[in-house]
Amino acid sequence: MRTPAPLLAVALLCVTPLAQAAANCTVKLAGDDRMQFDRSSLTVSASCPKVIIQLVHTGKLPAQVMGHNVVVSATGDVQALAMAGIKAGPADHYAPKGDARVLAVTPVIGGGATTSATLAGGKLKPGGDYTFFCSFPGHSAIMKGRLIVTR
Ligand code: ZN
């Protein structure tokens with residue numbers, strides 16, 4: 001029997017507002033050897049004392065070749081931070097150290113590894129324009145998505 005896809009989609013849309021009412025304090029993201037994140041958006045709540053972003057690298061390539069991390073910033077800062085991150089280099093996880101525009105950053109990991117970043121929910125403005133991206137050189141153009149912040 002075939003899955004009635006259109007009906008399922010409608011059902012999911014109807015459920016979404018309810019799902020968003022719950023506080024999302026821990027979100028999960030995966031990166032792979034094809035230089036892709038598995039999510040194009042993540043939803044977190046500004047009411048969380050701690051927002052935890054977990055990253056798992058589901059590939060096999062080492063961090064020097066296909067390293068991934070997660071940087072969270074205002075969407076308008078992504079381009080500048082990606083450039084500054086390349087200058088910062090691998091020792092600083094490709095993120096400028098002590099830069100207030102970096103709201104969260106995880107270490108760079110290779111295939112099979114897991115990492116996470118924590119930030120205070122209060123640092124995020126509900127409805128604000130935020131982006132999560134991988135700052136490994138050359139990755140941010142593709143490996144990025146929207147961080148949606150609810151109350
Ligand atoms: Zn990457």
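Values reported hereafter were calculated over all heavy atoms of this structure, with side chains retained and with hydrogens, waters and symmetry mates removed. Only a predicted model underlies this, so the values are computations on that prediction, with no experimental measurement involved. Numbering of ligands and ligand atoms starts at 1, following listing order.
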- Task: Would you mind listing every side chain to side chain donor-acceptor pair (under 3.5 Å) that reaches into residues 46-62, with sequence neighbours excluded?
- Result: Ser45-Ser47

- Task: Any side chain to side chain donor-acceptor pair (under 3.5 Å) involving residues 117-134? Give me the pairs, sequence neighbours left out, ordered by first then second residue.
- Result: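 Only Thr75-Asp129, Thr75-Thr131 qualify under side chain to side chain donor-acceptor pair (under 3.5 Å).
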
- Once rounded to 10°, what is the value of the angle centred on the Zn ion (ligand 1) between Cys134 SG and Met143 SD?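 Result: 110°, to 10°.
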
- Query: Can Phe132 and Phe37 be said to form a ring pair (Phe, Tyr, Trp, His ring centres under 6.0 Å), step by step?
  - Reply: CA-CA 10 Å; Phe132 65 86; Phe37 278 141; 5.7 Å; yes

- The atom of His68 among N, O or S that is nearest the Zn ion (ligand 1) is ND1

- His139: its N/O/S atom lying closest to the Zn ion (ligand 1) (atom name): ND1

- Message: For Val70, is there any backbone N or O sitting under 3.5 Å from a side-chain donor or acceptor partner on Thr106?
- Response: yes

